[in-house]
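In what follows, a structure is listed as structure tokens, so that the remarks can point back to it.
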Amino acid sequence: MNPFKRLKGRHLTMGIPYLWLLMFFALPFAIVLKLSFSTAAIAIPPYEATFSFIDETLSIFLNFGNYLLLLQDSMYYVAYLTSLKMALIATLGCLLLGFPMAYAIARAPTRFQPVLLLLVMLPSWTSFLIRIYAWMGILSNTGLVNNFLIWLGVISEPIQMLNTNFAVYIGIIYGYLPFMILPLYATLVKLDMSLIEAASDLGSSSLNTFWKITLPLSMGGVVAGSMLVFIPAVGEFVIPELLGGPDSLMIGKVLWQEFFNNRDWPVASSLAIVMLALLIVPITLFHRYQSRDMENDA
Amino acid sequence: MKKLSFSKIMLWFGLLFLYAPMLILVIYSFNESKLVTVWSGFSPKWYGELFQDEQILSAVWVSLRIAFYSATMAVIIGTMAAFVMTRFRRSWAKLTLSNMITAPLVMPEVITGLSLLLLFVQMADTFGWPTERGMLTVWIAHSTFCAAYVAVVVSSRLRELDRSIEEAAMDLGATPLKTFFLITVPMISPALIAGWLLSFSLSLDDLVIASFASGPGSTTLPMVVFSSVRLGVSPKINALATIIIFAVSLVAFLSWYFTRRAEKKAQKAMES
């Protein structure tokens, strides 16, 4: 058979997305890695070359200065720690609110389930930016919450809520809640109800049944949902920028500032590389869950 | 009467939490006052001002065009990848492809944006193309991350598809390509439409990646909104938000209604 004919079909189906992703997903990361070892310069583009090939000599200049800077300047590691802490707390908040919601949807009559899921998903289709912006009006000193509390007489002076970590938590929980509910719902709806009935018939309290049966059996969804919230929350830029204050120094915001305001591309690249290194474990966890889920379905 | 369970209370509380801020935006978009939080009477005047703001209108047009092209490209790449993921034999190539396609789902946006910008700069340096960043580079960036979502939606549909019809078509002598377009595509069309709509709204919504990948002349709507929101709350943005909320709800409702009708029809056809 003609080798070109064999190349058609299957290889094309594989080749086109493969090349696209290699070009626009894998290669960019290689460039970020390369750039994180270069030196900033006043030039266009604003960095010095890492490789040079002059007089048959290949010279490679690796500058570890950017990484040393990340270690020396406390601002950077404070930003990493703050991001991890805030993402973790917000993920827990999402889980505490999302789990009962997903459970209630999974237990609702079958014909209501698609409607309830649509209701949960609908906000995430409208602009993320605008939904975060809505909270600016609610949480500000002259905003609805403060006005309401003053009207009730609970407080006399407005409480500072906007531009604090509290506002960032609200923002992340609000923005990512649907991504927590969906994977939880997917595992909870498959849960065998007879196990729970059996447990209660045998005299288990409902809390005990939850800890011993419902939670362990839905662990896959808990992990997937938590990772879907935690990973993007660590790198979040919009929420700390609009709702956060000076202490909500999250790494996404710092990276943005290094890149756009200080125009230090090498430092921005090394910030990104360290962020990825921190996220390797949760990303692998998510991928493992996903590939297992796909094999179960098949 | 049945006791209201804890999870049901949380469900209603959660839905209230999700919808109250949007409802407040809608109500305050009709506020006469320039102060967003003080109600001083009903007035649609901010809508009038919105439709005279040329910067916003041109950004809407740029965003819609980019979203249309990105969603189309994302469906093409995503569907091909989904086909490889569900129908091809296990191999290292398939494994790397499925890892690469799902990675943008969880990748922090700042990293994706930064890396794509550096790629474009490097390409311009090496081949002299793209000469400047603009709609084309935003299109490439959006197609790449939207393809991930399409791949997930389409592959879950492909996995539950009854393969006997495709096999029958192939046995009767249809080429793989013909089988794909005449049998597979019609059967997965709800997933294709859902993937396209999802990509369209993701692209329309994206601020971070677009900010990195765009250049002069390709300012998208989220970029305009972001720069005006940074300065504080503005009633014009409330009006814009209301229009977006209603447009999205309408599209979501219509797509839900049509898929449900298609499902009911299919069910009836099966029964008779």
Side-chain angles (χ1 to χ4, degrees), chain A residues 9 13-14 16-18 20-21 24-29 31-32 35 45 97 100-101 103-105 118-119 122-123 125-131 133-138 142-144 147 174 177 227-228 231-232 234-235 237-238 242 252 255-256 259 268 272 275-276 283 286-287 290 297-298, chain B residues 5-8 10-11 14-15 17-19 21-22 24-25 28 36-37 77 80-81 83-84 88 93 97 99-104 106 108-111 114-116 118-119 121-122 125 140 144 147 156 159 176-177 201 205 207-208 222 225-226 229-230 233 237 241 244-245 248-249 252 256:
Chain A
T13 317
M14 180 86 142
I16 292 172
Y18 206 90
W20 180 282
L21 288 167
F24 297 119
F25 187 75
L27 184 62
F29 282 107
I31 295 174
V32 174
L35 198 62
L97 179 57
M101 286 178 76
Y103 189 83
I105 298 174
L118 184 78
L119 278 176
L122 194 63
W125 290 334
T126 67
S127 171
F128 183 75
L129 185 58
I130 277 174
R131 286 182 300 130
Y133 155 80
W135 282 99
M136 288 172 73
I138 296 172
T142 55
L144 280 169
N147 280 351
Y174 180 71
L177 187 61
M227 294 305 115
L228 271 180
I231 299 165
V234 169
F237 163 71
V238 177
L242 294 183
L255 194 156
W256 180 284
F259 190 86
M275 198 200 300
L276 259 186
I283 288 176
F286 177 73
H287 272 281
Q290 213 183 26
D297 283 350
Chain B
S5 66
F6 170 71
S7 61
K8 262 189 200 150
M10 288 299 268
L11 177 61
L15 288 175
F17 174 64
L18 285 177
Y19 283 91
M22 300 201 322
I24 291 165
L25 269 189
Y28 275 89
V36 191
T37 45
I77 299 169
M80 283 174 132
F83 208 76
V84 173
F88 279 32
L97 178 69
N99 276 335
M100 277 198 294
I101 194 109
T102 49
V106 284
E109 285 180 312
V110 276
I111 299 185
L114 176 74
S115 65
L116 277 162
L118 295 178
L119 172 82
V121 170
Q122 185 83 46
D125 226 26
I140 291 175
T144 311
S156 66
R159 221 169 264 124
L177 201 67
S201 76
D205 194 21
L207 164 76
V208 175
V225 172
F226 182 65
V229 160
R230 247 178 166 173
V233 189
I237 300 297
I244 293 176
I245 289 168
V248 170
S249 317
W256 171 76

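Below, chain A is the first sequence line, B the second, and so on; all start at residue 1.
- Using a 4.5 Å cut-off between heavy atoms, A/L21 touches chain B through backbone and side chain atoms alike.
- Ring pair B/F17/A/Y174 is perpendicular by interplanar angle, where above 60° counts as perpendicular and below 30° as parallel.
- For chain A, the option among B/I101, B/V84, B/L18 with the highest count of heavy-atom pairs below 4.5 Å is B/L18.
- For chain A, the option among B/V248, B/I24, B/V208 with the highest count of heavy-atom pairs below 4.5 Å is B/V248.
- Annotation: the span from B/I111 atom CD1 to A/L255 atom CG amounts to 7.5 Å, rounded to 0.5 Å.
- Residues forming a side chain to side chain donor-acceptor pair (under 3.5 Å) with A/W20 (at least two apart in sequence, or on another chain): B/T144.
- Between B/P104 and A/F25, the closest heavy-atom pair is CG-CE1, 3.8 Å.
- The shortest heavy-atom contact between B/P108 and A/G235 is CB-CA, 3.9 Å.
- Here the CZ atom belonging to A/R131 is positioned 9.5 Å from the CD1 atom belonging to B/I245, to the nearest 0.5 angstrom.
- Taking CG of B/L15 as the reference point, atom CG of A/L119 lies at 6.0 Å (rounded to 0.5 Å).
- A heavy-atom distance below 4.5 Å is not found between the side chains of B/T102 and A/F286.
- Rounded to the nearest 0.5 angstrom, A/I31 CD1 and B/S115 OG are separated by 8.5 Å.
- Within the 4.5 angstrom heavy-atom criterion, atoms from both the backbone and the side chain of A/F24 approach chain B.
- How far OH of A/Y18 is from CE of B/M80: 15.0 Å, rounded to the nearest 0.5 Å.
- Proximity to chain B is limited to the side chain of A/L242, based on heavy atoms less than 4.5 angstrom apart.
- Of the atoms belonging to A/W125, heavy atoms from both backbone and side chain fall under 4.5 Å from chain B.
- Summarising the geometry, atom CZ belonging to A/F29 is positioned 11.0 Å from atom CG belonging to B/L119; distances are rounded to the nearest 0.5 Å.
- Minimum heavy-atom separation, A/P100 to B/S7: O-CB, 3.4 Å.
- Taking 4.5 Å as the limit, some side-chain heavy atom of A/P17 sits within range of a side-chain heavy atom of B/L97.
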Self-check item: Verdict with reasoning, A/L122 to B/Y19, per side-chain contact (heavy atoms from CB on, under 4.5 Å)
Solution: CA-CA 10 Å; A/L122 194 63; B/Y19 283 91; 3.4 Å; yes
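- In terms of heavy-atom pairs under 4.5 angstrom with chain B, the leader among A/I283, A/V234, A/L118 is A/L118.
- Ranked by heavy-atom pairs under 4.5 Å with chain A, the first of B/P222, B/A147, B/A93, B/S156 is B/A93.
- The most heavy-atom pairs under 4.5 Å with chain B, out of A/L177, A/L129, A/V32, come from A/L129.
- The residue among A/L276, A/L27, A/V238 with the most heavy atom pairs within less than 4.5 Å of chain B is A/L276.
- Contact between A/T126 and B/D205 at its shortest, heavy atoms only, is O-OD2, 4.1 Å.
- A pairwise comparison of heavy atoms in B/I244 and A/S127 identifies CG2-N, 4.2 Å as the closest pair.
- The shortest distance between side-chain heavy atoms of A/F259 and B/V110 does not fall below 4.5 Å.
- Taking all atoms of both residues into account, the shortest heavy-atom contact from A/L97 to B/G14 is CD1-CA, 4.3 Å.
- Between B/L207 and A/F128, the closest side-chain pair of non-hydrogen atoms is not below 4.5 Å.
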